[in-house]
Amino acid sequence: MSHNLARTSRPHELASRLNSGLRSAIISAIGESAATTDPAIKTAANPKFGDFQANFAMSLAKSLGKPPREVAQQVIDAAPQSLIDICEPFEIAGPGFVNIRLRAQVIAEALTEMDCPALGISNANRTHTVAVDLCGVNVAKQMHVGHLRATIIGDTIARLFERLGWRVHRQNHLGDWGLPIAMTLAALRRARVDLDRVTLDDLNTAYRNAQAEGRDDEAGLAAAHATQVGPHRVAELEAQHEGAAAAIADAHDTLRRLQSGDTIVVADWQKLIDVTMREVYETARMLNVELVPEHNRGESFFRDRLAPTVDAFVHANLATRDAGALVVRFAGRERPLLIQKSDGTSLYATTDLAAARYRLQDLGAELVVYCVDARQRDHFKDVFDAVQLIGWTKRPDATHATLVHVPFGAVLGADKRPLKTRSGENFTLKALLDEAIARGRREVHARAAIPDSPTSSMSSAELDAIGQAVGIAAIKYADLSSDVGRDYVFDLDRMVSFEGDTGPYAQYAHARIAGILAKAAAANAVSGAITIDTPEERALALNLLRYPGAIEDAASQLAPNRIAAFIYELANTFNAFYQACPVLRGVDESTRASRLHLCELTRRVLADALSIMAIAAPSRM
RNA sequence: GUCCCGGUAGCUCAGUUGGAUAGAGCAGCAGAUUUCUAAUCUGCAGGUCGGUGGUUCGAGCCCACCCCGGGACGCCA
């Protein structure tokens, strides 16, 4: 998963300095013919090989017809002074790897440089605009685990770009228009339900019943036609489903009134939206997700743009009639994209095309990211190709915008089937979050009950707040920390176990640091110049320096798990440092000042990285 | 039938443009604690990277075919 986001060059970063130094060494050793050779700098596979390794020698040796180690030696001998100044003597190892160890002083200087509000991340990107399609709830339906993913993955990607200074448009593509909503609305109106007092549960039930009614009707008639039974049998079936047919007719009538702006129907429709969204916003708040009414760009928003969208394809000669419907065909692909039904009405692809056009042309997005279920892969491939065909990705400056689907996998139960309750229903997201919060609170209260624990003096309300943060972190981190494109098994025990690669583990590392810093402040201990002496200090420092690159990689690959992997790595190296390197006790003043500085930086980087996933970082837990 | 995604330790997963002995966590075993928060750390053990063939100095990664699992396939979204 990647797009054409240009990776900014970071001359201040150590890897970049090594890269350019080796590049010029290669040219002076081999000649201009090797000017395009990538030094292939990577972080060392193993600390015993140094901090970085350069792998250029093997591929270069082949084209030169020389032994790789000889080529490596030649290049090392031609190293410019700027490179020699920042490294310990190079070592050639194995088939021709060049092992690089930075001088401790250089690492310390780089860290000092990183010690600014932006933490080394370039955020001068205000000319860039991205639109992020996220959440995508349906009106009158409860949120379930699928919406959890669409919401938090989208929010994280949005925050990622915000962190990099982009203009970000969150787009909540609500399912708030069309026959399904009309069916629900019609059913509720028939039953004379008071829409001012109705709950989302009521709506959800009405939605399901209305759907079942409609399916019943369609299925029966479809079967009748498919089996070519006589008109008598069809009539019989129609009689059987008379109620359903009446309901459908009522739904169509309601839809017609809704579309024509019937004041009463529109007001009732708005009530359904209000009831649904009230709960969506509440859930978003629980998840720390930034989602407000201004982000709503649902199907209804695009209703007047559907006909122009279809017209555009017709006028561009990209749409053809097929069995009464309008389809867009693609070279080398059997599957067409249906943009208008044979009855002249539009369907979801039409809305997606209109939405894409809006995001590209009205919002001016150079990148549009869709955080939607992986099962819609083919659908988005078709939609994106259609947008490409008609030329809506062309930008005023002659560049092309990019549309990217970030497909996410299913949330599975222990049986590896999509997560269901024991009675076979979908888990509501709310129930899942309540359970996680309860678990988080239980754990936090249990810790606080241990004498001398840092939280033992806290009030029950304070502990509840921390417990909620821990429970939510457990769920969010588990969801975001593996490749989002894949299915994962929802196992609350593992998520809330607080051991290993989990949200609470990261929070704990942060709280530990905050504890040290609080004690240091109380003792008037101050941080100062960084010196790198021990292996643990070096490992921690090198990890901190990787932060800007990790964030840029996460953005360019639209991969939230890259952030999580960085966090876990940093928390790990910090805990090893914590174990081996006393900060406040038994060390001289300059060591204490240096280690306090490392702690401060680590805390800030951890908190910053967690904030991109919108996971709280409590100071005590 | 066509197309898409996946298969890595008992379990859950990493693995960047192809690079050194394929890495973590959990579970298991052995250690470290009068602690700056043990929700931690250190070590051990655990693998035919689904299979076969190919490309390459070098393949978990690239190519071909096959096996297994999941998904999508015009008038739902």
Side-chain angles (χ1 to χ4, degrees), chain A residues 2 38 40 42-46 49 53 55 58-59 61-62 68 93-97 99 136 138 175 178-180 211 214-215 218 299 322-328 333-343 345-349 351-352 373-379 381-382 407 409-410 412 416 443-444 446-447 450 452-455 470 478 481-483 485-489 491 493-494 497-502 504-505 507-509 511-520 553 557 559 561-562 564-565 568-569 572 575-576 578-586 595 599 620-621:
Chain A
S2 70
D38 183 353
K42 305 182 60 149
T43 57
N46 187 316
F49 298 137
Q53 57 176 296
N55 298 341
M58 279 80 77
S59 53
K62 189 174 161 68
F97 302 104
N99 289 340
N138 293 311
L179 196 56
Q211 288 293 306
R215 252 197 308 279
E218 284 166 21
E299 292 165 348
D322 192 324
L326 269 178
V327 298
V328 177
R333 189 181 309 163
E334 272 184 58
R335 157 171 46 87
L337 180 67
L338 194 67
I339 62 170
Q340 189 185 65
K341 298 195 255 186
S342 49
D343 66 1
T345 60
S346 55
L347 59 172
Y348 68 116
T351 313
D352 276 327
D373 193 318
R375 285 174 300 187
Q376 296 197 36
R377 268 196 174 100
D378 290 346
H379 167 68
K381 183 177 173 56
D382 296 346
L412 309 176
K416 298 281 185 111
E443 292 295 331
V444 169
R447 292 285 146 188
I450 298 170
D452 298 331
S453 88
T455 49
V470 167
S481 61
S482 64
D483 179 351
R486 297 171 44 145
D487 298 350
Y488 74 94
V489 175
D491 178 355
D493 288 332
R494 178 175 59 79
S497 74
F498 307 148
E499 283 167 16
D501 190 5
T502 68
Y505 175 85
Q507 290 178 314
Y508 177 65
R512 273 183 142 181
I513 307 172
I516 292 178
L517 295 176
K519 287 201 168 152
D553 284 348
Q557 292 175 45
N561 61 309
R562 297 259 167 169
Y568 180 58
E569 210 37 52
N572 243 340
N575 278 328
Y578 180 91
Q579 208 77 22
C581 305
V583 178
L584 298 175
R585 301 196 329 196
R595 289 180 178 173
C599 285
R620 286 193 284 174
M621 60 186 282

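The structure displayed is predicted, hence computed values, not measured ones. Naming: A, B, ... by sequence-line order, numbering from 1 per chain.
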In whole Å, measure the gap between the [atom1] atoms of [N] and [M] for me.
N: B:rG25; M: B:rG6; atom1: P; answer: 26 Å
N: B:rG28; M: B:rA45; atom1: C1'; answer: 8 Å
N: B:rC75; M: B:rC13; atom1: C1'; answer: 41 Å
N: B:rC61; M: B:rG50; atom1: P; answer: 8 Å
N: B:rU52; M: B:rA59; atom1: P; answer: 15 Å
N: B:rA32; M: B:rG15; atom1: C1'; answer: 31 Å
N: B:rA77; M: B:rU40; atom1: C1'; answer: 48 Å

Over all strands shown, is [X] touching base, sugar-phosphate only, or nothing at heavy-atom distances under 4.0 angstrom?
X: A:Ala323; answer: base
X: A:Asp343; answer: nothing
X: A:Ala511; answer: base
X: A:Leu584; answer: base
X: A:Phe49; answer: base
X: A:Ala349; answer: nothing
X: A:Val489; answer: sugar-phosphate
X: A:Gln340; answer: nothing
X: A:Ala325; answer: base
X: A:Asp322; answer: base

| Gap separating the CG atom of A:Asp483 from the OH atom of A:Tyr488, nearest 0.5 angstrom |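 That separation rounds to 13.0 Å.
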
Phosphate contact ([N] OP1 or OP2) by [X] side-chain N/O below 4.0 Å:
X: A:Lys416; N: B:rG69; answer: no
X: A:Lys341; N: B:rC76; answer: yes
X: A:Lys519; N: B:rU37; answer: yes
X: A:Arg375; N: B:rG70; answer: no
X: A:Asn572; N: B:rC41; answer: yes
X: A:Tyr505; N: B:rC41; answer: yes

| query | Under 5.5 Å between ring centres and under 30° between planes: does that hold for A:Phe97 against the base of B:rA20? | reply |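 Stacking between A:Phe97 and B:rA20: present.
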
| With distance as the sole test, does A:Arg620 use its side chain to make a donor-acceptor pair with the main-chain N or O of A:Pro454 at under 3.5 Å? |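 Pair found, side chain donor or acceptor close to backbone of A:Pro454.
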
Using whole Å, what does the distance between atom [atom2] of nucleotide [N] and atom [atom1] of [X] come to?
X: A:Tyr568; N: B:rU40; atom1: OH; atom2: P; answer: 9 Å
X: A:Arg333; N: B:rG1; atom1: CZ; atom2: P; answer: 22 Å
X: A:Asp373; N: B:rA72; atom1: CG; atom2: P; answer: 9 Å
X: A:Leu412; N: B:rG7; atom1: CG; atom2: C1'; answer: 15 Å

| query | Taking syn as any angle within 90 degrees of 0 and anti as the rest, which one fits B:rG70? | reply |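 Here B:rG70 takes the anti form, which means its glycosidic angle is more than 90° from 0.
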
| request: Could you work out which one of B:rC73, B:rU16, B:rC26 sits closest to the side chain of A:Arg335? | output: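 Of B:rC73, B:rU16, B:rC26, B:rC73 is nearest to the side chain of A:Arg335.
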
| query | Among B:rG74, B:rU17, B:rA14, which is the nearest nucleotide to the side chain of A:Ser482? | reply |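 From the listed options, B:rA14 comes nearest.
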
| message | On RNA chain B, compare the nucleotides closest to A:Pro504 and A:Asn46; which residue's is nearer the 5' end? | response |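 Comparing both residues, the 5'-ward one is A:Asn46.
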
| request: Assign each of A:Val444 and A:Gly500 to its nearest nucleotide of RNA chain B by heavy atoms, then name whichever residue's nucleotide is nearer the 5' end. | output: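 Nearer the 5' end of the strand: A:Gly500.
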
